[in-house]
Structure formats: C-alpha cells, structure tokens
Amino acid sequence: MSYWGILTQDRQENFAGIGHLELELSFWRSVFHLTPTIDHLYIEQPQLTLERLVSSSDQSRFSFSDIVDRLASRQTETNPEQKTETATTIPGFRSRDIHLSQGSFQFHDQITGARLAYHGLDFSLQQLDTQALTLSLPQPAPGKSSESELKPQHNKYTVQITGADQGQLQLSGQFQLQPLEVSGNLSLQSMTLAPFWPFAAKMIPARLTGGVIDFHSDYHLSKEQNRFVYSTQQGQFTLQQLVFQDAQSPKVKLSRLALDNIGLNSSKQQIDIAQLQLSGLWTDALLNRQGLDLQRLFTPVPDKPESASPEPASDTPEQQQVSEPWLVRLHQLQMTGTDLNLTEQQQTDGVHWRLHHMSLSTGEILSDLSQPIDYQLALDITSDSHQHPEKPRGHFTTQGTIDAKALQASGDIHLQQLDISQFQPYLQPYLNLQLSHGLLSTQGHFSVEPSNHTALYQGKAALNQLMIKDTRNRQPLLKWESMAIDAIKFDQAAQQLTIHEMVLDKPYAKILIAKDRKTNIDDIVVSTKAAEKSEKAASPVKPKVTEPSQTTEQQPSFQLEIGAIRVRHGSAFFADQSLTPNFASGIESLEGEISHLSSTPGTKALVNLTGKIDQYAPVTVKGEVNPLSSPPYLDLDVGFHSVELTSVNPYSGTYAGYYIDKGQLSLGLQYQLENNQLIGKNHIVIDQLQLGKASHSDQALNLPLKLAIALLQDRNGVIDLGLDISGDLDNPSFSFGSIIMTALTNMIAKAVTAPFALLAGLVGSDDELNIVRFDAGSAVLSDTEKDRLKKLSSALTDRPKLRVSAEGLVSFAQDSQVLKEMKLKQELQRLSGLETLPADLSASRFPASGPLADTLNKLFQDQLQIRPAEERLKVEQRLQDENPEGTPDPKVVTTRLHIGMYNQLLNAQTVSHDELGYLAQRRAQAVKAFLVNETGLAPERIFLLDSKTELSDNNSQVTLTLSTD
C-alpha cells in the first residue's frame, strides 16, 4: 500500500502518515501452529507530528486530543456499563519479520516553544512469538536438548532513532510476554540538551546553552509476584560541555562528568557506581548585598499558588507502610581541573577570588551516610582587587575523613605560601594598617565536631616576609623575614591557644611618639564612628543588638599562652617627637627572647634582648612586660653604650646645624608602666664630643650648641645629663630637664637610619637605592632603574662627602641562558648570511624552510654530530606513538623537529666565567656612566669594584655601597 496519511483537524499539516506498507500473511503456518501468523510487515517512511496546544484549562491538550475524546465518548455511549476484565493469558501471534524504517517524528510545544525532530527511526522485530519463552527457559529433561537448541531465537528487537542534532538512541535485546521479561542494551550517543531545555526553562532563572549526553547500559526487566523487577549493568554515563548562563554570560561550565560501571537493582533497592569523574568545572559567581547570584540562578521558581483542595482520604494500612529507601553506593569520586571564581562585593568594593587547579578524590560514599568518607583535596588560592587573578597566591591540601551522619571531621591540612595581603580590603575599614605582604604556611592535624562545639588543631605554622605599613605615612610599621611556630595547639572547647615557641628572624618594628604624646600604634584600630559608617555602607539593614541578660552564663575568657618568643637578627626604630628637639634611635642585630607570655592576669613575661647600634654599639633591653593584660604592664631597662656620634651626622647637620667630628653616646632609659601611670628616668653620657663645621641647614634649630657643649663638658670631656619624666597616660603631663639634652638627643636620633634608607627618605622614595636591577643577559639600564638612579643622584648631590662603590653581579642560571641564546642566534645569522633575524625567532617560531632552516640543519649536524634525518625519524615515531591510528602531519613533524634541534643546540652552547664577569663589569660601568653623564655626578665620587675576580651567583644587578671621605 502506497502513501496514506491523516491530516490535523484544521487540515494545515499531516498528523500521521506512512510512505509504504507491505503485509504478507502466512496461511499455512497459521493452520499448522493454530496461531495467527504473518510472514512480514514492512512499514516505510512512517511519520508522526504531535503538538501540545495552549489551553485555558490546567490539563494539557494535544493535537490528537479530539480523537481521544471522540473515541472515549463513543465507547461510553455504546457500552456504558461494560467492565473490562483483565486477560489472564496472552493470545498467540507469530511473525517472521516486522520492520519499520525511515521513520520521522516531530513534536511542537506551543507552551514552552520547544521543537523536537527525529528522523532515521528504524524498528526491527525478528521471530515474534507472543507465547515463546525466550529468556526464562525451562530446564530440559535428562538426555534431551534444551529448548534454546531446538527453537530459533524469538522476539529479538532493535530500535534506532536519530535526532536533528545527529544524536542517536539505540535499543536492542530480547523479550518474552508471559511471564513478562525483557533484556537488552540501551545506547544514547551525542544527545544535546539544549533542545529539551524549554521544558525546564521556567523552573530556574539560569539558562542552559550547552551539554551533550552519552549513555550506555545493559538492562533487564521482569514481572515477579505482581511487581516489576528491573536491573541494569555496566552502565556508562557521560555529560560533556555543559554550560549554564544568566542573561548575559556563562556562569557555570563543566567540561566532563562521567559515571562508570553503573549498576541498578530494584530487588535490593541499590544503585552501585564504580566511579564519578568531574573535570573542568568552572564557575563565575557574584556575591553582593543581594546575596550569591548562583543561588538565585539555580533556586527553583515557586509554582503559582493553587486553590485549597479537600483533605485526601486516609491511606490504607498497606499504603501507610514506608518502603525501605534506596541505597546509592559510589565507590570513588574524582574531581580535577576545577576553577571556581567569585567576585565579592558584600564587604568590599570588589575582590576577585579564585580557587583553581582544584582536585578532589574520595573513597566510598553511601547515600545513607552510614560510613565515614575518606577524602583528598588540593587547590590554589588567589585574588585581586582590580582584575581577574591568574597566578596562584597560596596552595592548600588536606586529606582525612568526614562522618556526615555524626557531624565529625578529622584530617591533615597543609597550607603553603598563602599571601595574606589578599585580605587587606577586609581589614581596611577596621585597621589603619596596610598589609603589604606576608606568606602564611601551616601544617597539622585537625578534628571538628560542631554538635559538641569542639574544634582541635595541632601542628606548626610559619608567617614569612611580613610587611605591615602605617597607612598614614606609608612607612613600615612591622616586618620580618620569617616567623616559625614549632608547636601550636588550639582548643575551642577550652578556649585556649598554646604556642610552644615562636622564632622571629630579622624582625623590624617602628614606634613613634608624636608631639601630642600619642604613639603610632594608638590609632591602629579605626575609631568607632568610622567603623560604624563602614558597616552601614556594607549592610544597609542595621542588625538588632540583644542585650545580654543578667542570668546569662558568663563565657570563659580566651587564654593565650606562649612559651617563648625568640628574636634573631632583629632591628627596631624608635622616635620620640614629644621631646624638643626630637629623639630617635635605631637598633640592629637584635637578639634574645621574651618568655612565659600569658593572658592570665598577674603573670609577667621576662624580656632579655640585646642589640647594637650601627653594628657595634651595644644595646640591652631587660625587664618584665605583660601587653596581654588590661591595663598593660611594663618595667623595662634600656641601655645604649658607646654610640659613635659621627654616625648621626646626617641628622645633626640637618637639625642641629653642625656636623660632629668626634664623640660617643651612652644612654640609659628606665620605664615603668602600671595602672596607666608612667615613670621614666633617662641618663645620658656623651664622651669627647667635638662639633665640626656648620652645615648651614635651613632646618637647623637656632641653638648655641658650641657654647652649651663647652659649659657641660667636664675636664675629661664627658657630658653627664639626667632627665626624669612622669605622668598619667590618660592625661599625660611631662616635665623636661635640660634643653641641651634634648638638642643632643635629637642629633643622635637621626643618625641611626641606614645610609641608603636616609637617601631614599631625602627624595621621598621607598625604593632600595642600593640595588640596580638588569634584565637577564643585559647591561642596559631600564627606565625604572634610571629613575631610581636619578633619585640616588639627587640625594647624593645633597651629600657631597659621600662616595659610591658599585659592584656588578650576575645570575648564573638566568644570565647564562640568555647569553647562550644570543650566541646561537649570532651563529645562525652568520652562517645563513642574513642581515637580520626575525624579531620573534624562537624554538617554536622557527621557519619551516629557507636559509634559516638549512642553517639549523647544518649547525645541528656539525655541532652535535647528529643527522637531521635521524632526528626527524625520532620525531615521527613519537607522533605516531601519540596517535597510533593517524599519520603524522609533515608540517607538525617539521615544527617539532625544529623545536627539538633548536633547544638541543641552545643547551650545547657554553658561557664562560669570563663572559659572565665581563657582563657584570659592563653593568657596573653602565651605572657609573649614567650617574656621571646623565645626572652630573662627579666621576671621582663613584668607584667600580672588581666585578670579575670574585664572581658570585646572586642576581642580575649592581649593588651599591656608600663611604665617606
């Protein structure tokens, strides 16, 4: 029978149709088996078009709904009281071959706008026998063949459907009808999700724009004791290139999700999954005052409220029985390549956080959480306040066990090189500090049990390269090179933090007393009004504060115990601007310890520190302190002995009006602070002070220093002065001794700053003016370093007695590598005869042919004694091993060959000690030439040290040192 079809009710398009139908009956088989039998049924090009219509009622209406309604009404009119009886047996029917081919199906949904189209629909059913036992065959009698050997295989089916996206659904297997049993294989290949998304688009605000599914599984279905039993085996599920986005841009991406070896058993109510793999998960989230945008995007849209309906009838006892829950067993979870991005605008103006290179693996996971989960997690942490961060600024790893049912977790953590300056935007509203740098690391074991308010951590920690600046003057307030904690223990239940020992290496602290007698640490905490203003800006809704009741149990105070704080190679700077003129002093080579530091009231920590001024004048700090108590306690003796006054000439010349030719200072300070009452005694001894020539500084104090010194010196040339101070810190009032004492202490104070730091301060710079950096392999000054030298020259111009010594240095690894490449390129240019080489010439950008390619081949063979043809064969073999099924692309082979040959020749180049020494010498010469020719410094003020004989592997730089006449 040729084409026939059914039109829709409006006759606008076909509802259903068949291109060709062929049916052949088998009369004699029907008679022989006493069963209706057909030889074959062939249906070609069947088509069906369905459409879901927009309806005013809550029930869905389809394009064929009128047919269903009409048939239902006719059946009711014809047999209004007829009751359907369930057939107990299935009538016999046989067919050799039933085949449907080249079918098509279309579905249009007017409600969601979805349009689905499938073509290439093929269905085959071989040897149909409704009464055959094909899967549950009876056991054969002894000595007889089994029925499977006597009968052909019945009821085999195959189904294949191809979608518009070329995704395919394939089913194949075998079945029997009584007892019902089906067994087969399901395969879903390259099925895209976007066409189906309109059905779910109204459920969540997020929009799916990408995603491809592959699924393969064996399945089995049977009916046992009036219930269906089903199972699957060897299931494989893959979801690739999943993309969710908001109205403008992608928000969630997933490269691949794979479930391996999925097994399902309805009898045991178990789902077993060998492995879940997640790779390439990427998110881009925004956290602002409205909350997390991803939460809003994936929160289900609530349904429209429905009218109240009557209470349903009570369930029967059988219905009230709760079935056992299914158990899902995941043997292993692996997540790799995860990249989570979050822009935080809730507490700050905008910080871009990123957790990337994240990997997670777990042991077995049960859905009932009846057993703990072993895990391993690793990730990089980074953030930036201005742009999307790229480079990691911290690495975190942890492994342990989580018991989700008992709400317990324990394990080991390892935090490496976390840059704590990332948290500066969160400190800024509350502290007048700039956390410029700091690398935090810790390693230890933790255990957490929130239900019991228990958290324990034991391990070690380090905070290195710390730099904290005062935001008001942009000067370092506190810094150190490293801080190591050998044993740390935190106990939340006991409200206690115990540290066995802290070791500070090269710490530096700066303490200033202003004219109003406030220190630079008094205003570290932002005032209450400013903090409240910042909190209002961050949260427009003011939180309700509940006053604690008198009956509330008082929480125990937090206890801090530190066994010892050891200081190595420390330094400090102290200035008292409340004195007239000001006093300042610096300490270097600070060594010692502070022991038994505790927050327990009444305890006192012992202080024993020693140091040197300018590396030779001894300094001692001894006594007792307790900065953790309230109010704080202090009883310290500070002593400076035999400080050479000539070292403070930059300060004495600027502020006193004279330079010092000779003299030594000894200073003893005694401070006691208890109950906010300060008592201090200062004892100053100046030995053999001799003023030199006047500095003619316009900032110098108008004091008769020469007359004052002549009056105060005894016959041994010693000036011995004392100054007692006292006052209430809440309302300080100090009385001062001699004006001569204050003038001399001002000269001493300004001498302790290091020479180059002084020079930098003169030109208002924070740069390290004693270091001039160069690019690897180069002796050419960059614009940045020229600016640094200009600042140095400007400072040296104001200090004509200072001399500069320059020593060139190299980095063996970096400089040698660049020099090697320069040598190789010079040889390539010479042998190729080219006037110039391409500017972007490198191993990966080498020409495939031409003079350079020929020169590379010749140079490779001459220098390395390897034939290029042999090297090409190796490259081809490697590419073949990488892709056994393909043939290497000649262009790729050539590119790989040139990269390998170039790198081998590069590694074969040698750089001698003399060449590196010559580079170091040229760097020092470049610095002197710039200072002389460009800034106008006299050549006799700059000395070049030997940069070749004692060549050391340091950095690509020139180190400057200062000297005087």
Side-chain angles (χ1 to χ4, degrees), residues 237 254 256-265 268-281 283 324-340 342 353-382 392 394-418 440-462 485-500:
F237 175 83
L254 179 61
R256 187 173 185 270
L257 180 150
L259 296 172
D260 295 332
N261 199 9
I262 307 170
L264 180 149
N265 191 311
K268 299 180 180 180
Q269 292 188 287
Q270 289 187 0
I271 299 176
D272 193 90
I273 304 172
Q275 187 179 58
L276 168 59
Q277 291 182 318
L278 282 168
S279 60
L281 175 61
T283 64
E324 290 293 329
W326 281 65
L327 179 66
V328 180
R329 185 187 302 272
L330 175 62
H331 292 272
Q332 187 180 34
L333 167 66
Q334 284 191 342
M335 182 171 66
T336 58
T338 302
D339 189 352
L340 306 181
L342 172 68
W353 286 95
R354 187 181 181 196
L355 304 180
H356 55 131
H357 300 144
M358 181 187 294
S359 63
L360 171 66
S361 63
T362 71
E364 189 172 73
I365 302 176
L366 299 181
S367 60
D368 62 358
L369 304 177
S370 59
Q371 69 179 33
I373 303 170
D374 296 331
Y375 73 92
Q376 290 183 331
L377 173 67
L379 55 90
D380 287 334
I381 307 169
T382 185
H395 182 70
F396 176 77
T397 59
T398 177
Q399 60 180 8
T401 302
I402 297 177
D403 191 336
K405 197 167 187 177
L407 294 179
Q408 295 177 348
S410 63
D412 299 322
I413 64 173
H414 192 185
L415 179 65
Q416 297 174 288
Q417 303 292 307
L418 176 65
L440 174 65
S441 300
T442 184
Q443 184 175 6
H445 181 81
F446 74 93
S447 61
V448 180
E449 192 171 352
S451 59
N452 295 332
H453 304 285
T454 301
L456 292 172
Y457 181 71
Q458 288 182 287
K460 58 183 180 180
I485 301 177
D486 64 343
I488 181 173
K489 180 179 179 181
F490 170 76
D491 189 336
Q492 180 188 16
Q495 289 285 291
Q496 187 177 52
L497 175 63
T498 303
I499 295 174
H500 177 258

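Hydrogens, waters and symmetry mates are skipped; everything else that's a heavy atom, side chains included, is used.
Between Thr401 and Tyr375, the closest heavy-atom pair is N-CE2, 3.5 Å. The shortest non-hydrogen separation linking Asp403 to Pro372 is OD2-CG, 4.0 Å. Between His445 and Gly411, the shortest heavy-atom contact is ND1-O, 3.0 Å. In this structure, Ala378 and Thr397 approach most closely via the heavy-atom pair CB-CG2, 3.6 Å. Considering all non-hydrogen atoms of both residues, Ser441 and Gln417 come closest at OG-N, 2.9 Å. Asp412 and Thr398 get closest at one heavy-atom pair: O-OG1, 2.8 Å.
Atoms CD and CD1, from Gln416 and Ile381 in turn, are 10.5 Å apart once rounded to the nearest 0.5 Å. Atom NZ in Lys489 sits 5.0 Å away from atom CD in Gln458 (nearest 0.5 Å). Rounded to the nearest 0.5 Å, atoms CD (Gln376) and CE (Met335) are 13.0 Å apart. For the atom pair Ser370 OG and Arg329 CZ, the distance stands at 7.5 Å (nearest 0.5 Å). Atom OG1 of Thr442 is separated from atom CG of Leu418 by 11.0 Å, given to the nearest 0.5 angstrom. Annotation: the span from Thr454 atom OG1 to Gln408 atom CD amounts to 9.5 Å, rounded to 0.5 Å.
Of the residues listed (Ile402, Leu377, Ile373), the one engaging Thr362 in a side chain to side chain contact (heavy atoms under 4.5 Å, CB included) is Ile373, and it is the only one. For the side chain to side chain contact (heavy atoms under 4.5 Å, CB included) test with Val328, the passing option among Leu366, Ile271, Asp368, Asp272 is Ile271; the others fail.
Between Leu440 and Leu415 the shortest side-chain heavy-atom distance falls below 4.5 Å. Between Leu407 and Asn452, every side-chain heavy-atom pair lies at or beyond the 4.5 Å cut-off. Between Leu278 and Leu254, the closest side-chain pair of non-hydrogen atoms falls below 4.5 Å. Side-chain contact between Leu360 and Met358 is absent, with no heavy atoms from C-beta onward closer than 4.5 Å. Side chains of Leu327 and Lys268 form no contact here, defined as non-hydrogen atoms less than 4.5 Å apart.
In terms of the side chain to side chain contact (heavy atoms under 4.5 Å, CB included) criterion, residue partners of Ala487 (sequence neighbours excluded) are, by chain and number, His500. Remark: Asp339 pairs with Arg354 by the salt bridge (Lys or Arg N to Asp or Glu O under 4.0 Å) rule, at least two apart or across chains. Legend: residues meeting side chain to side chain donor-acceptor pair (under 3.5 Å) with Asp491, ordered by chain and number and at least two apart, are absent. In this structure, the side chain to side chain contact (heavy atoms under 4.5 Å, CB included) partners of Asn261, at least two apart in sequence or on a different chain, are Gln234, Gln236, Ala274. Applying the side chain to side chain contact (heavy atoms under 4.5 Å, CB included) criterion to Leu330, with sequence neighbours excluded, gives Ile273, Leu276, Leu333, Ile365.
Looking only at distances, a side-chain donor or acceptor of His395 sits under 3.5 Å from a matching main-chain atom of Leu379.
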Self-check item: Steps toward side-chain contact (heavy atoms from CB on, under 4.5 Å) verdict (Phe237, Leu257)
Solution: CA-CA 8 Å; Phe237 175 83; Leu257 180 150; 3.9 Å; yes
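For residues 440-461, there are no salt bridge (charged side-chain N to carboxylate O under 4.0 Å, His left out) pairs, not counting sequence neighbours.
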